[in-house]
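Numbered from 1 within each chain, the chains take letters A, B, ... in sequence-line order.
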Amino acid sequence: MGGYFSDLFSGTKSLLDGMWVTLKEFPKRPVTLSYPHESLKMYARYRGHIELIGDEENKPNCVVCGMCERACPSGCIHLAGEKPEGGKKKVLTSYTLDFTTCSLCGSCVESCNFDAIRFSNEYNLASTRKEDFIIDLLKRLEEQDK
Amino acid sequence: MSLTLLNVVLAVFIAICFVGANAAYLVWCERKGAGFYQRRPGPMENGWWGLLQPPIDGVKLMTKQLLIPGGVDKAIFMVAPVLAMFPALISFVTIPFSDNIVAHPIDVGVLVIFAFAALGGMSLLVAGWGSRNKYSMISSVRAVSQTVAYEIPLLITTITIVMISGSLNLGDIVQQQLDGFLSWNVWPLHKEVGFNLLMPVSFLILFVCSVAETNRAPFDLGEAESELVAGFHTEYSSMGFGLFFMGEYANIVIGSCLITILFLGGWSCPFGDLGIFPFTHNVGWFLLKIYLIIFVFIWIRWTFPRTTIYGLLNLSWKYLIPISLFNLLLTAGLLKVF
Amino acid sequence: MSQPIELQKDETFVLNVGPQHPATHGVLRVKMTMDGEYIYKAETVLGYIHRMHEKMAENRTYPQYMPNMGRLDYLSAMAFNHGYALVVERACGIEVPERAEYIRVITVELNRISSHLVWLGAYVLDLGGFTPLMYCFDDREQILDLLESVTGSRLTYCYFRFGGLYNDIDDEFITGTRAFIIRMRKELKMYAKLVTGNIILMKRLQGHGIIDKDMCQRYGATGPVARGSGLNYDVRKNEPYSVYPELDFDIPVNDGCDSYARYLVRMEEMEQSLRIIEQALDKLPEGPVNPEKKPKLIKPPSGDYYAAVETARGNFGIRLVSDGGKNAYRLKLRSPTYSNMHLFDEACRGMLLADALAFMGSLDLVIPEMDR
Amino acid sequence: MSIQQTTIQALGELFSDQASAENGAEKEAETGGEVDKSDQPRQNGIIEQDYRTKGFHLDVKISADQLVRASQILFELGYFLESITGVDWIKEEQLETDYDFSRYDFDLCRVVIRVRTPRTDPHLPTITTVYTGANWHEREAHDFFGIIFDGHPHLIPLLLPEDADFHPLLKDFKA
């Protein structure tokens with residue numbers, strides 16, 4: 001019986017304490033953003049899907065060594081290049097990223113010794129078609145600087 | 001005679017409109033309130049501050065398909081949502097919004113409200129049983145024991161008020177509290193009883209019981225979404241669900257009306273009858289009071305975790321019923337003395 | 001399922017909690033044989049998101065497997081990465097620079113707090129309180145922002161490398177973390193008021209979900225589940241790794257054995273993690289974050305290796321069997337919740353459904369880690 | 001006496017008929033890996049490992065019939081079961097089952113118990129009678145390797161689908 005009333009009072013007090021906490025939150029400004037109308041700036045290190053880095057003439061830095069292709073755990077990078085006649089270096093002819101299997105681990109960027117790929121800041125990736133996620137990075141690079 | 005009938009029909013129609021609008025915009029209030037308590041803005045997209053959200057939700061609910069699970073008893077399944085809504089509507093008939101706005105003043109108004117409130121518990125039983133779903137079944141069993149446990153302290157506490165007022169008529173009960181807020185039944189001072197220290201306690205008991213009666217958190221054991229998925233309305237879609245929803249909010253309104261009338265002086269102005277237009281006794285005070293109580297309901301819902309069924313029964317049988325009985329005895333004694 | 005299936009009594013019925021149920025937080029299924037609202041028996045059915053991570057390890061090189069670890073436990077991915085980095089470093093004998101070790105500890109502890117915050121919010125949600133979830137996610141968001149500014153990712157960090165880190169932290173991170181510590185201390189006081197002291201929560205947790213020491217030993221329960229049963233067991237102290245021995249912190253232990261004891265242990269752990277981060281930031285030495293000599297190709301010598309770390313949920317162990325090749329010959333992941341969930345059946349018998357689900361929440365389950 | 005010595009002594013009972021047990025345990029050099037498996041199969045017995053390089057202290061190899069007794073000894077010494085797993089040594093036509101044990105107190109000692117069974121007919125006694133928690137671990141090992149634990153109360157697939165008749169972690173499994 002001794003605990004009967006003390007239980008009642010301490011219990012009621014704890015409930016009032018909790019209500020005081022939520023009441024204090026009531027007039028505060030919301031901490032959320034209404035997303036499509038406002039959005040955050042992405043961090044410089046944000047890991048989006050990869051993109052090619054071009055030089056001044058918008059030619060890719062890539063030398064088609066294929067390190068990124070080998071480093072990729074899920075095999076989502078496919079690149080091809082050919083040696084132009086008379087040229088010494090291989091020239092990139094296609095670079096596709098299959099974003100459907102990409103896990104954004106960044107192994108490819110780390111493995112690149114030629115400063116040819118980096119992470120993009122793209123985060124608005126949504127589509128109902130699978131083909132939209134098979135990204136031609138070479139085309140993307142060409143379109144980027146236009 | 002026919003005028004009275006017309007009066008009642010009109011009143012029911014107005015009640016439906018009132019309940020419908022209330023239910024819709026209480027949902028909006030609830031979502032906004034939840035948002036503010038949770039550091040977010042709540043619905044914002046449809047209309048200014050999301051004010052068009054409730055009609056849009058209503059249209060969505062009405063246009064959805066009403067699914068009837070295979071193998072259920074169709075009649076029982078369909079009648080349950082109506083049972084949830086109907087008693088709530090009927091109860092509005094006897095509630096006095098002001099000294100002249102009342103559909104049909106019944107001398108035993110308090111009894112009518114409790115009679116129909118008990119029916120609300122039955123709708124949960126019928127819905128849970130008729131759904132042919134194990135979660136709903138458990139929920140309906142819980143709901144019934146919950147209703148039984150809370151009707152008792154609710155009634156006992158109300159009897160103390162009835163004893164003080166000497167009337168079962170809701171209008172008469174308010175009439176005795178018109179001399180400013182010190183004459184309200186919630187205070188221990190009372191002109192007839194003298195000094196009844198337990199009046200605030202019985203106000204709290206009535207408040208807790210009406211939270212439990214309306215199946216709201218922390219007593220929402222019937223729908224306990226993290227245990228029973230959605231409890232008794234797991235299988236209901238479209239307006240079946242919509243009716244339960246509206247019934248729930250109608251019950252909240254009735255609960256807060258009852259609290260206001262019994263304890264907070266109904267439509268009376270807290271400063272007594274000043275005679276100046278905006279501050280005199282009128283329906284505005286009544287609405288202000290019920291919405292304040294609804295605000296507290298929302299506040300409670302978004303603060304506390306849910307109790308369990310035995311926690312709830314413990315609270316009822318160990319605390320509320322003994323205290324309300326003691327309160328009844330004390331009040332009766334005081335009435336005898338003075 | 002510690003006993004063979006008995007014939008069901010006539011009054012019982014089977015209630016399927018899951019694979020889609022609000023309280024299982026993922027695709028866990030528990031087949032509960034119920035007697036009214038009392039649980040007679042509960043059989044857990046796993047494997048709904050089983051992805052055979054252990055086989056993947058045999059087909060990938062060691063660095064390629066690193067991202068997988070974040071997919072195991074999406075809430076404390078950092079600790080899982082740490083465990084994997086430890087076992088490979090141990091096998092190859094790679095030394096980790098001191099600065100890298102300190103940064104590892106800081107990020108792992110930040111991640112532990114964020115994991116506990118999700119647990120706290122989701123747990124109170126299980127108990128029917130919605131609002132603490134939002135507060136917890138607000139606080140967790142601060143941690144995720146900090147970690148994202150360093151690792152570039154919010155959930156599956158993949159931040160550790162064998163012998164070091166993906167990249168160094170900057171001053172912005174350090175000031176941000178210090179600000180977070182101050183904020184979090186205030187928030188923890190708020191949680192104590194809003195949740196911990198709440199009579200409804202206390203009544204629901206105290207005395208329910210009893211796990212005693214013997215049961216812990218028989219099932220191999222670790223982490224806050226063991227500590228809530230009075231076992232002073234934390235890999236960070238019992239089997240010190242990284243720079244934990246140089247930091248001063250306590251292991252919260254509670255003898256309550258019930259859900260509330262486990263709850264208190266986790267709440268206290270958040271405070272201890274803040275202490276660790278504070279000290280690590282003070283002691284953070286200058287220097288490189290990657291070893292000077294880093295082997296080009298990771299090829300551990302053949303043999304067995306074992307490493308264990310303390311994740312937010314308990315003892316995560318990795319057994320690596322190498323045959324000297326560039327892929328692991330066999331990699332066994334010992335996940336903490338796998339053992340912790342196993343005792344659910346024995347412990348929940350005779351409980352009410354509502355209490356059993358409250359008990360399940362107190363085990364802090366992360367299903368992908370159980371299923372692997 | 002450190003817990004490591006106590007454990008060696010207690011486990012020594014299993015090897016009383018063998019030469020290795022008379023000295024307590026055969027010791028290895030600090031740098032030592034295991035005995036080269038391809039040349040000669042390792043004898044049953046206890047090897048003390050270097051914790052810093054290996055991550056565990058005692059490496060015990062026993063035969064299948066000693067398993068229950070060994071786990072009983074470890075249970076009485078206060079060890080808990082961390083995991084049970086298999087390794088498919090396909091070249092030697094053998095399946096190894098590893099039992100990892102650890103302790104709750106500050107006397108750190110990790111024990112690994114290895115049992116080898118023929119690959120074609122892998123039968124082991126269950127230790128669920130000692131460690132209740134071995135139940136799921138054994139079911140998992142059964143899923144992945146097809147090891148049959150005799151006396152197990154409920155040996156049905158746990159992580160794989162109910163009707164799975166394949167064992168994905170065997171080296172000759174091709175998806």
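With a 4.5 Å cut-off on non-hydrogen atoms, B/Pro305 does not touch chain A at all. Looking at B/Gln38, neither its backbone nor its side chain comes within 4.5 Å of chain A, counting heavy atoms on both sides. If you measure heavy-atom distances from A/Leu33 to chain B, you find no contacts under 4.5 Å at all. Both the backbone and the side chain of B/Tyr37 come within less than 4.5 Å of a heavy atom of chain A.
Taking the six-membered ring for Trp and the full ring otherwise, the centers of B/Phe297 and B/Tyr291 sit at least 6.0 Å from each other. Between B/Tyr249 and B/Phe245, a ring centre-to-centre spacing shorter than 6.0 Å is recorded.
Taking each heavy atom of B/Leu124 and B/Ala143 in turn, the nearest pair found is CD1-CB, 3.4 Å.
Side-chain contact check for B/Thr160 and B/Ser202: no donor-acceptor pair (N or O, by modelled atom type) lies under 3.5 Å.
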